[in-house]
Amino acid sequence: MNEQSEIPSVQQLAQYVNALLKGGQQQAARDYVDAQVKQAPEAAAIAHFAAQVHHKTGALKSSLAHLNRTIELAPQQAALHMDRLHLLNSLRDRKALAQELAKAVKLEPENKNYQQQLARFYTQLNAPEKALELLAPLRKADKHAPVLAFDEALNQWFMGKPKAAEKTLTEVCTHDQAPSMAFYVRALLRKQTKAKNHVADLTERARQDQVADTPIWFALGKELDDLGNYDQAFDAISKGNALQKQITPYNEEAELQALQQMTDVAKNWKSEGRGNKKTAVTPIFVVSMPGSGATLVERYLHAHPQAQSVGEFPDFPQLLGEAINDYLQTHPEASRADAIAGINYTELGKAYLRNIETLADGHSYVVDKLPFNFLYCGMIKKALPTAKIIHVQRDAMDTCWSAYRTLFADRYAFAYDLQELGRYYAHYQKLMQAWQQILGDQALLTVDYETIVADNEAVLAQVLEFCGLEHAAEQADFVKQVPSPSTARGEPMVSRLYRQAVGHSKHYQQQLAPLADILTQEVKAVD
């Protein structure tokens, strides 16, 4: 098709561009649609198509530029604003996302689905109060809509109102179309008692052959565990895991090989580099296996007036992955290990700092509690020499049991089978041993969950000293803080449950025997 010919229709454009893409000519496809946009600068449909092509081929920033132009030409189309929100979220531009949300809410206030999606963006940005503002009129207009009510309950929980959330969920769970996650969240809101629980209802609802009922099985297991019915609890949790595993792809061989390769990298790691040695914000990375109790440390730090937690913040591994891919594209002969050693860590650190500074909200310390950052301790220190890394570890059996009894949805694919979980844990421990030996105690502080529970004042004082912070009176009630959307799972956050969680896996000693065998064979104690 000649670029100088008559401007084609979007349908003609699509046919030609799809042919280019099928032939692997992504750049040619982008160049062609860019040329069409120049020929028809006032055509919103062509600009939108160009945005879609750039997005499809992974060119997110140029996709955003085309989408911005589309919205200039058609500013009242809510669907375009929704596309821009998703794109900004993919680009991790949270400041622009918040600004766009403020504009988008003014469009189509009567469009329930649109406004509900906007509310979910606010939830994701850890702004539940704004989410509830959008949900309030929608709930008033449709009081019995179960999904709307479930969204309201989640945000009530995230605002530290578990009683209000439970009241809302009680209504939701009576509905025939109730989302199954509503039953699981209801179980998490508090410890269930013999006088007040939902075991009978959950038992009646749960179907062993329906993947959609997976959260109900996890809810039933959690409530039975609260009541001390451990045999029945294990059975329910195992059924939930079996169902979740059906829809959670996991290549164990590839995963363990990647962990071993990272351990080999760690053993020979050199952290020296120019890095970013003067920063306006000091990152604190709290790393762990899921289920290790790292939220205790996160909450304690977040209660400090100089610190702000951003929850499970995915940006460092995403930025690192992008840097590695860029390196491999320009060095096709290089291995992944070569790329890890060769990327520009100073620029990586700057990109990460730009992202967290938009969320620091005036605080000089920002807490990043993404568990999987344990993979990248050395890379973190090379990119961010001022960063503090705190590793929270817990008894191996308790850690694995905590992970196994928790529904993570699309994350932690290794957690839905006890033996796979045990082998993953063993590789995690070996990697953390390597990082600790290479980085040393001055760069990487390891604290034990059990010690925190037994003598929290001493351990948390050690954490503050490591971070360079003074004790603050505001931290006294840190366990009462509300959860963030990224960390809201597991047991309710009350102090007595922390003590009960130590050694909790012993209630399941017989059922966890296969896991114990793997841990005995493969896990070595950290020196």
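- Legend: residues meeting side-chain contact (heavy atoms from CB on, under 4.5 Å) with Q511, ordered by chain and number and at least two apart, are D231, F234, Y508.
- Ring geometry for Y352 against F316 counts as perpendicular: the plane angle is over 60°, on a 0 to 90° scale with 30° as the lower cut.
- With sequence neighbours excluded, the residues that form a side-chain contact (heavy atoms from CB on, under 4.5 Å) with N251 are E253, A254.
- The salt bridge (charged side-chain N to carboxylate O under 4.0 Å, His left out) search around R92 returns D315, E322, not counting sequence neighbours.
- Summarising the geometry, atom CG belonging to L87 is positioned 13.5 Å from atom CE belonging to M82; distances are rounded to the nearest 0.5 Å.
- Shown here are the side-chain hydrogen bond (donor to acceptor under 3.5 Å, both in side chains) partners of N68, two or more places apart in sequence or in another chain: R84.
- Every side-chain hydrogen bond (donor to acceptor under 3.5 Å, both in side chains) that D264 has, sequence neighbours left out, goes to Q260.
- With sequence neighbours excluded, the residues forming a salt bridge (charged side-chain N to carboxylate O under 4.0 Å, His left out) with E420 are K245, listed by chain and number.
- Between H391 and Y428, the ring centre distance stays below 6.0 Å.
- Scanning for side-chain contact (heavy atoms from CB on, under 4.5 Å) contacts around K95 gives D93, Q99, T358, with sequence neighbours left out.
- Side-chain contact check for D361 and Q308: no donor-acceptor pair (N or O, by modelled atom type) lies under 3.5 Å.
- Partners of E252 by salt bridge (charged side-chain N to carboxylate O under 4.0 Å, His left out), not counting sequence neighbours, listed by chain and number: R423.
- Among residues two or more places apart in sequence or in another chain, the side-chain contact (heavy atoms from CB on, under 4.5 Å) test is passed with A98 by L125.
- Listed by chain and number, the residues in a side-chain hydrogen bond (donor to acceptor under 3.5 Å, both in side chains) with Y416 amount to none (sequence neighbours excluded).
- M262 places a side-chain heavy atom less than 4.5 Å from the side chain of Y376.
- In this view, D395 satisfies the side-chain hydrogen bond (donor to acceptor under 3.5 Å, both in side chains) rule with no residue, not counting sequence neighbours.
- Shown here are the salt bridge (charged side-chain N to carboxylate O under 4.0 Å, His left out) partners of K130, two or more places apart in sequence or in another chain: there are none.
- A cation-pi contact, defined as under 6.0 Å to the ring centre and within 45° of the axis, links K382 to W269.
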